[in-house]
Number of protein chains: 2
Amino acid sequence: METTTDNQKVRITKKLEKMFGHIDYKNPPELCPVRDVMSVASDQWSVLIILWLGYFETLRFNKLKKFVYGISNKVLSQRLKVLEADGYLSRKAYAEVPIRVEYSLTEFGHSYVEKLLELTEWMQMNSPKVMENREKYGLI
Amino acid sequence: METTTDNQKVRITKKLEKMFGHIDYKNPPELCPVRDVMSVASDQWSVLIILWLGYFETLRFNKLKKFVYGISNKVLSQRLKVLEADGYLSRKAYAEVPIRVEYSLTEFGHSYVEKLLELTEWMQMNSPKVMENREKYGLI
DNA sequence: AAGAGTAAGTTACAAAAAGTAACCATATGA
DNA sequence: TCATATGGTTACTTTTTGTAACTTACTCTT
């Protein structure tokens, strides 16, 4: 396993300082945009939707539903609306019969995929370790 | 705004290929460990708990609750249990009166903080843009 | 000596979110 | 003619969250 060096720790502490150092937790803001934005973008289903769109460039509703397996129509359509509103993806409807709707990432969405991939790669690499921890914990 | 270059796009596509290329979406696994691990680790409250612990090294229950403002006792204690089980943090109880309990990140937790920080920095940088998108969308 | 405060949670109940499955209109293919 | 496909929506159920009061045992204040 990769361990964190002292150098890295110093760097991390500086970043955390920059991020949290100024927060007055005694008078917390009633609403924090970063939290808000993050809760949408790092949502379980949103992440899968964005990654699959990054992979295929463009996908229609039912195709997307097949790849993001397990998601319901309701939640998929809801998430697509929110992700569109937040600027990650765009929706194009073609006046055919039956109607054809195509979803694809915006430029902004693509820039997010890059960040997201780093996280998911980490998850993929470390999930065996987490599962192992989880089992050990259960035995105690 | 930073745009994604063609070079980056090729790199991203390769990563996505590696991540998704082998998935048989017609016979999806009934449970995917990566999804599972990620849904715990990228949960809204978990992220805040981990980042504050990264900042302070060690925190007690009520102190943590003040920093992660808005979280309830119930959810905080539940998340702490899960994050402990998954190996991100450890809990030390001292047999004093009243009892003292200290939470701190494990080495694994620290390695996660580093990845997490990259994501949260991106969020911090881009949340104004998202808020802007959201407002425009509302007007349409 | 009575009452409040502190610690780290737990518990019962209410509200919000998510999952389930049927349904919509319209048209094509068997 | 009946089933299928399109992109969702709707009513209903189940799960997850949030709210607020309570716990145990000791100390500090009045």
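Everything numeric in this text was worked out from a predicted model, so none of it was measured. Values below: every heavy atom of this structure, side chains too, minus hydrogens, waters and symmetry copies. Letters A, B, ... mirror the listed sequences (proteins, then strands); counts begin at 1.
Residues passing the salt bridge (charged side-chain N to carboxylate O under 4.0 Å, His left out) test with B:Glu121, sequence neighbours excluded: A:Lys15. For the side chain to side chain donor-acceptor pair (under 3.5 Å) test, residues two or more places apart in sequence or in another chain that qualify with B:Glu17 are A:Tyr55. Residues forming a side chain to side chain donor-acceptor pair (under 3.5 Å) with A:Asn73 (at least two apart in sequence, or on another chain): A:Lys65. In this structure, the ring-ring contact (aromatic ring centres under 6.0 Å, His included) partners of A:Phe67, at least two apart in sequence or on a different chain, are A:Trp52, A:Phe56, B:Tyr25.
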Whether each nucleotide of nucleotides 4-18 of chain D has a protein heavy atom under 4.0 Å at its base (B), only at its sugar-phosphate (S) or at neither (-) is summarised, 5' to 3', as --BBBB-B-----BB
Could you list the donor-acceptor pairs under 3.5 angstrom formed by side chains in residues 76-84 of chain A, with sequence neighbours left out?
unit_1  : atom_1 : unit_2   : atom_2 : d
A:Ser77 : OG     : A:Lys74  : O      : 3.4
A:Arg79 : NE     : A:Asp43  : OD2    : 2.8
A:Arg79 : NH2    : A:Asp43  : OD1    : 3.2
A:Glu84 : OE1    : B:Tyr137 : OH     : 3.3

